[in-house]
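Residue numbers run from 1 in the order of the sequence given.
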Amino acid sequence: MRTIARTPDTEVFLQKFRENGEVKAPVWFNGVVRGEETVILFNLGQTSAGLDVHLYPKSDMEGGSVKLAQGVGGQKVSFPGALSAEDDLALLASTRECTRNGSPEKKEGFYQYSAAWDSKHRVTLAEGKTARVLFEMQEMQDERSP
């Protein structure tokens, strides 16, 4: 068995981003998407941050008509279930789950659940459809172990 000696600076832990010694409040974007829009989030933390996404349709939507993509679309997710007006469709980094009105919901594809620096998140709905969106993240920073 081989033992690896660790110096105090070899382990990095994440902690909530601080400004002037105070934990910075979560960052959020709350808006309305009609058809297709790109939401750009600015993460001032030192590393990528977990991202919780909520979509609230303003009218009923067919299954597969709601999609999220990160960046230029390398990571895409769609939701095969039909949605009703005012449903809460949530893709949550905080719990690593997808829910609809608090119950597990199927998704297809992969979405990273994170925001780094100026990350772009494309929201696509059926033509003429509208949804309220809420993106929330807690900015993080690296801290070396003592």
Legend entry - side-chain contact (heavy atoms from CB on, under 4.5 Å) involving Asp88 - partner list, sequence neighbours excluded: His54, Tyr56, Ala90, Asn101
Legend entry - Residue pairs, two or more places apart or on separate chains, that pass side chain to side chain donor-acceptor pair (under 3.5 Å) and touch residues 31-43: Arg34-Thr130, Glu36-Thr124, Thr38-Arg122
Inset, instruction - Would you mind listing every salt bridge (Lys or Arg N to Asp or Glu O under 4.0 Å) that reaches into residues 57-70, with sequence neighbours excluded? - result: Lys58-Glu86
Inset, instruction - Examine Phe29 and Phe17 and state if one hydrophobic cluster contains both, with Ile, Leu, Val, Met, Phe, Trp and Tyr joined whenever side-chain heavy atoms are less than 4.5 Å apart. - result: no
Legend entry - With Gln15 via side-chain contact (heavy atoms from CB on, under 4.5 Å) - residues at least two apart: Arg18, Gln141, Glu143
Inset, instruction - Check whether any side-chain heavy atom of Ser119 sits under 4.5 Å from a side-chain heavy atom of Phe42, and report yes or no. - result: no
Legend entry - Close side-chain approach of His121 to Leu41, heavy-atom, < 4.5 Å: yes
Legend entry - Check: Glu105 and Leu89 side chains under 4.5 Å, non-hydrogen atoms: yes
Show every donor-acceptor pair shorter than 3.5 Å between a side-chain atom in residues 131-138 and any protein atom, with sequence neighbours excluded, or say none if there are none.
unit_1	atom_1	unit_2	atom_2	d
Gln138	NE2	Lys24	O	2.9

Legend entry - Side-chain (Asp52) to main-chain (Ala93) donor-acceptor, under 3.5 angstrom: yes
Inset, instruction - Start with the C-alpha distance between Cys98 and Phe79, add both sets of side-chain angles, then the distance that settles side chain to side chain contact (heavy atoms under 4.5 Å, CB included), and finish with yes or no. - result: CA-CA 10 Å; Cys98 180; Phe79 305 94; 3.6 Å; yes
Inset, instruction - Output yes when a side-chain donor or acceptor of Glu139 lies under 3.5 Å from a complementary backbone atom of Leu44, and no otherwise. - result: yes
Legend entry - Reference residue Leu91; test side chain to side chain contact (heavy atoms under 4.5 Å, CB included); the match among Val77, Thr99, Leu55: Val77
Legend entry - Glu108 side chain near Lys106 side chain, heavy-atom distance below 4.5 Å: yes
Inset, instruction - State which residues pass side-chain contact (heavy atoms from CB on, under 4.5 Å) with Ala82; sequence neighbours excluded, sorted by chain then number. - result: none
